[in-house]
Colleague: 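My questions will all concern the structure given below.
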Amino acid sequence: MIDAKAARNDPDVYRVALARKGAAEAFDAWLTADERWRELVPRVDDLRSRQKLQGKPTPEQVEELKQIKEELRETEQELAAAEADRDAALEALPNPPHPDVPDGDTEDDAVEIRRWGELPALEHPRDHLELGRFEMERAARLSGSRFGYIVGDSALLEQAIFRLAVSRLVDDGFTLMRPPVLVREQAMYGTGFFPTEKSNIYEIPTDGLYLTGTSEVGLAGFHMDEILDAEALPLRYAAYSTCFRREAGAAGKDTRGMLRVHQFDKVEMFVHCRPEESWDEHERLLAIEEELAQAVGLPYRVVDIAAGDLGAPAARKYDVEAWFPSQERYREITSCSNTTDFQARRLQIRYRANGGPQPVHTLNGTAATDRWLLAVLENFQREDGSVDVPEVLREHGAPAEISR
RNA sequence: GGAGGGGUGGCAGAGCGGUCGAAUGCGGCGGUCUCGAAAACCGUUUCGGGCGGUUUCGUCCGACGAGGGUUCAAAUCCCUCCCCCUCCGCCA
């Protein structure tokens, strides 16, 4: 959530920024609700202070106090209602975008920042199903559509990608975690995935638990309700976990193969830092993502996501998109966001600054996912359908060559 | 699955209707002492919100797992929920 005090002090600045995410009206609604709330607060506080009394009251005082009690009960009810309105209005507001974020509302409005690598020259590019070994039909028999087995050398290659990513991150000072992927509803709300992403999350009703769609939940929730030691910042975490997504609303999209499945694995980065460091950290995360793509040798481009296409928590987001020869286009393989204090405020993750505790900034980014496997297969394929695995991945346990 | 114990400040741990935002110990911070340090001693040390002043301020309100209730008054009594722990059984 946004900083209410700052927004009250500078409503025009906030309105203009939020308008870029289509939330100008929502902001005005919050301002109105907030004003109403602030009108009631002093009234309730005053009644409460009159109600306070040290020691035993005289019978006359008891009569007077009973009257105050009645009045207080009514006013408190009004306040509670006003507070609910105000909180609901506040929670509906997205994080204002960074000023440099491009305008626009769709994927196509993203601005390309740079390209790296040479596109492979292929007469007849095959896609991953024709290059690696994936068992889609058997998986469907077992689990339904949008599930897949990754088999044999393909699975070894996948593991090598994750091992490469993890060792790079550990070398960079990230602490590796294996987080729970089954979490409570409270954690989903706290990390901001509920209510907006609810339709994309698997639920285990028997136990009231939910499968996380990203280990960001586990990493963001790790320090929930804590006041961190300022000296310890920045805290850089990496998690390797399975991710579960229902892909509601993606019907008909990427239905072939494993590009978009209900279950995949991911190495995720997550940073808690001081506010003044977060934009540098954001560039750093992007740099790590690019380094990994370069280490593997995937041709890619970096895009700066348009304001209206950012999720609610992100103030800025870069995607790294790898070239997929079979589709003749770039597809997202990583994404890194600076959520500034938006997530930290909601999760109450703070650090001790000079003026007292204040929210940290949090950032998240992808280091590698199963999609990287597909990108590697496609980009290093030979005309005969075999795949020449990059040396760096062989060093991490991948076979030198993949064929079906 | 069965039986029991418990949730209080950074931690440990008292309090069990008003004088308790909360004893005490540890830790942290500042100071005295010292060439310096340790020890000792003195002081200080929760978070959130409104309003006012405005870099480390004042004032009022709220918070003792969460939410309701009783009462003039609740950390303390009642109800509901959540969480943690121990033992037994079962399964890894």
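Proteins get letters first, then strands, A, B, ... in listed order; numbering begins at 1 in each.
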Colleague: Using atom P of each nucleotide, how far apart are rC87(B) and rA73(B) to the nearest Å?
Modeller: 44 Å
Colleague: Compare the minimum distances between each of rC51(B), rC61(B), rC47(B) and the side chain of Pro357(A), then state the nucleotide with the smallest one.
Modeller: rC47(B)
Colleague: Just the table, please: protein N/O against nucleotides 79-84 of chain B N/O, every pair under 3.5 Å.
Modeller:
from	atom 1	to	atom 2	distance (Å)
rC83(B)	O3'	Arg184(A)	NH2	3.1

Colleague: Can you list the stems that include RNA chain B, where a stem is three or more consecutive Watson-Crick or G-U pairs with distances under 3.5 Å?
Modeller: B:1-7 with B:82-88, B:10-12 with B:24-26, B:27-32 with B:40-45, B:46-52 with B:57-63, B:65-69 with B:77-81
Colleague: What is the distance, to the nearest angstrom, from the CG atom on Asp34(A) to the C1' atom on rG49(B)?
Modeller: 12 Å
Colleague: Please list, one pair per line, the donor and acceptor atoms closer than 3.5 Å that link side chains of residues 87-96 of chain A to other protein atoms, with sequence neighbours excluded.
Modeller:
from	atom 1	to	atom 2	distance (Å)
Asn95(A)	ND2	Pro313(A)	O	3.0
Asn95(A)	ND2	Thr339(A)	O	3.0
Asn95(A)	ND2	Thr340(A)	OG1	2.8

Colleague: Rounded to whole angstrom units, what separation is found between the CD atom of Gln348(A) and the C1' atom of rG49(B)?
Modeller: 12 Å
Colleague: Which atom pairs link the protein and nucleotides 10-13 of chain B when you take only N or O atoms and keep those under 3.5 Å?
Modeller:
none

Colleague: Quick one: side-chain hydrogen bond (donor to acceptor under 3.5 Å, both in side chains) pairs with a partner in residues 175-198 of chain A, sequence neighbours left out?
Modeller: none
Colleague: Roughly how many Å is it from OH in Tyr351(A) to C1' in rC47(B), rounded to a whole number?
Modeller: 17 Å
Colleague: Check whether any side-chain N or O of Arg48(A) sits under 4.0 Å from OP1 or OP2 of rC60(B), and answer yes or no.
Modeller: no
Colleague: Nearest whole angstrom, please: distance from the C1' of rC47(B) to the CZ of Arg350(A).
Modeller: 6 Å
Colleague: Round to a whole Å and report the spacing from CG of Leu40(A) to P of rC51(B).
Modeller: 13 Å
Colleague: Provide the distance between the two C1' atoms, one in rG21(B) and one in rA39(B), to the nearest whole Å.
Modeller: 33 Å
Colleague: Please find the pair of heavy atoms, one from Arg331(A) and one from Arg371(A), that lie closest to each other, and give the distance.
Modeller: NH2-NH2, 4.4 Å
Colleague: Considering only heavy atoms from C-beta outward, does the side chain of Gln294(A) approach that of Tyr300(A) to under 4.5 Å?
Modeller: yes
Colleague: Enumerate the protein-to-nucleotides 63-69 of chain B contacts in which both atoms are nitrogen or oxygen and the separation is below 3.5 Å.
Modeller:
none

Colleague: Does the plane of the ring in His282(A) sit parallel, tilted or perpendicular to the ring in Trp279(A)? Use 30° and 60° as the thresholds.
Modeller: perpendicular
Colleague: Roughly how many Å apart are rA75(B) and rA66(B), using the P atom of each and rounding to a whole number?
Modeller: 12 Å
Colleague: Calculate the interatomic distance between Glu83(A) atom CD and rC61(B) atom P; express it in whole Å.
Modeller: 17 Å
Colleague: How close or far is atom C1' of rC60(B) from atom CG of Leu47(A), stated in whole angstroms?
Modeller: 13 Å
Colleague: Nearest whole angstrom, please: distance from the P of rU59(B) to the CG of Asp46(A).
Modeller: 17 Å
Colleague: Over 60° means perpendicular and under 30° means parallel, so classify the ring planes of Tyr202(A) and Phe244(A), tilted if in between.
Modeller: perpendicular
Colleague: Between Arg236(A) and Glu281(A) (salt bridge meaning N to carboxylate O under 4.0 Å), is one present in this structure?
Modeller: yes
